[in-house]
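The structure appears right after this line, and notes come after that.
Model, not experiment: these values are computed from the prediction. In each ligand, atom 1 is the first atom listed, and ligand 1 is the first ligand listed.
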Amino acid sequence: MLQSQDLKRLDKLFSSMQEANGCFLGYPFARGFDYEPLWRFMRLAGNNLGDPFEPGTYRVNSYEFECEVIEFFAQLFRAPPREFWGYISSGGTEGNTYGLYLARELYPDAVAYFSQDTHYSVSKGVRLLGLDHCVVRSQSNGEMSYDDLAQKATRTRNRPAVVVANIGTTMKEGKDDTLKIRAVLRDVGIGAIYIHSDAALCGPYAPFLDPKPAFDFADGADSITLSGHKFLGAPMPCGVVLSRKRHVQRVMRAIDYIGSSDTTLSGSRNAYTPIILWYAIRTLGIEGIKRMFRQCEQLAAYTADELNSRGVGAWRNSNALTVVLPPVEESIKAKWQIATQDVSHLVITPGTTKRQTDALIEAITNRGR
Ligand SMILES: Cc1ncc(COP(=O)(O)O)c(C=O)c1O
């Protein structure tokens with residue numbers, strides 16, 4: 001039994017997280033979901049230790065649901081049937097590290113290229129894995145500069161290339177083009193190429209955009225990752241990582257202790273996040289994902305227009321849910337949790353309301369009046 005002061009602390013924490021959930025516009029984290037039918041699972045121990053596609057000694061898992069989520073995204077990402085593999089990770093960072101790990105095992109002497117707008121998890125990944133790397137300049141909309149990639153790759157054209165392509169950069173939701181990346185590298189004479197698509201935010205809706213960004217397996221990706229909590233909506237961080245099966249077979253080790261193969265980055269893995277993501281995709285379906293995207297995109301368009309009409313230079317990449325604006329002042333940044341570097345941004349994810357964006361617009365444009 002908790003003592004009353006501890007119960008009070010829990011109540012206080014709940015209120016403060018609830019308040020912060022209500023003013024959360026600067027980072028992508030969908031809200032407003034209802035996973036009540038899954039609460040009973042919290043009474044059970046669960047662990048997805050091991051390879052979800054193999055039976056093991058350890059049965060306290062949700063592999064069946066994990067595999068269905070992987071198959072759903074494999075189809076969306078045009079993976080060759082029966083030649084893909086994947087698992088549900090702890091989030092985009094693990095997915096990026098895993099993609100880089102598979103790439104490093106294939107090409108240990110590769111140079112990793114990624115743009116300056118790339119999420120910090122990638123530079124951490126290359127440091128962890130001891131990969132040589134080269135940062136490529138970005139265009140002003142956040143997309144990689146292919147000219148700069150060509151110039152830099154020419155200097156190391158005798159070594160394999162690993163490229164992390166952003167399918168939605170963190171700050172501006174700029175999208176790199178995997179077809180262009182492959183063409184640039186081939187033109188400078190590099191034949192050994194591995195492309196990892198970091199689709200942390202856009203992964204669930206990128207396949208439905210018009211024009212569809214070039215990022216998936218049919219567009220030459222070797223691995224792809226997305227975050228589960230950013231657009232789909234999971235109350236805790238999680239992610240999906242998919243890869244061509246032959247890359248995973250290279251890292252696979254049989255482990256007697258678990259009666260399964262070790263193919264994932266972490267050992268013990270969350271058994272609940274696969275159930276949550278399965279529930280999300282089953283309840284939404286493809287039509288639901290498209291509908292949620294349309295609603296978010298309309299609100300993003302409205303927000304950018306409204307800011308512009310009030311004299312704030314806001315803009316969006318086409319089909320983006322991220323509204324980029326000049327840096328906001330400290331009090332607004334703190335209240336609305338607005339990510340700010342050289343620019344600020346807000347990200348309209350499912351659960352963001354017009355009331356919230358209106359309140360933010362009001363705070364930005366009426367300050368000091
Ligand atoms: C483009 C991109 N990649 C990776 C990540 C890392 O994802 P996570 O926070 O799920 O580890 C982020 C997070 O913001 C991101 O924006």
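Using cut-offs of 30° and 60° on the angle between ring planes, the pair Tyr205 and Phe231 is perpendicular. Ring geometry for Phe77 versus Phe73: interplanar angle of 30 to 60°, hence tilted. The aromatic rings of Phe29 and His229 sit tilted relative to each other, their planes meeting at an angle between 30° and 60°. Between Phe53 and Trp85, the ring planes are tilted. Angles from 30° to 60° get that label.
Look at Leu201 and you'll find every heavy atom at least 4.0 Å from all atoms of ligand 1. At least one heavy atom of Asn96 sits closer than 4.0 Å to an atom of ligand 1. Ligand 1 has no atom lying under 4.0 Å from any heavy atom of Pro237.
Surrounding NZ of Lys212 are more than 12 heavy atoms belonging to other residues, nucleotides or ligands, all under 6.0 Å away. Open room surrounds CZ on Arg282; 12 or fewer heavy atoms of other groups in view lie less than 6.0 Å from it.
When only non-hydrogen protein atoms are considered, atom 16 (O) of ligand 1 lies nearest to Thr170 OG1, 2.9 Å. In this structure, the protein non-hydrogen atom closest to atom 3 (N) of ligand 1 is Asp198 OD2, 2.6 Å. Of all protein heavy atoms, the one lying nearest to atom 11 (O) of ligand 1 is Thr93 OG1, 2.7 Å. In terms of protein heavy atoms, atom 12 (C) of ligand 1 is closest to His119 CD2, 3.2 Å.
At least one N/O-N/O distance between Lys230 and ligand 1 falls below 3.5 Å. For ligand 1, the polar-atom distance check against Ser227 finds a nitrogen or oxygen pair separated by under 3.5 Å. Geometrically, ligand 1 and Gly92 share a nitrogen or oxygen pair separated by less than 3.5 Å.
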Go through Asp198 and Thr225 one step at a time and tell me if the side chain to side chain donor-acceptor pair (under 3.5 Å) criterion holds.
CA-CA 5 Å; Asp198 176 2; Thr225 187; 5.8 Å; no
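Residue Ala200 has at least one heavy-atom neighbour below 4.0 Å for each of these atoms of ligand 1: 2 (C), 3 (N), 4 (C), 15 (C). Against a heavy-atom cut-off of under 4.0 Å, Gly168 is close to the following atoms of ligand 1: 1 (C).
In this structure, Asn48 CG and Tyr272 OH are separated by 9.5 Å, a value rounded to the nearest 0.5 Å. Atom OG in Ser197 sits 12.5 Å away from atom NZ in Lys175 (nearest 0.5 Å).
Only the side chain of His229 comes within contact range of ligand 1, with a heavy atom under 4.0 Å; no backbone atom does.
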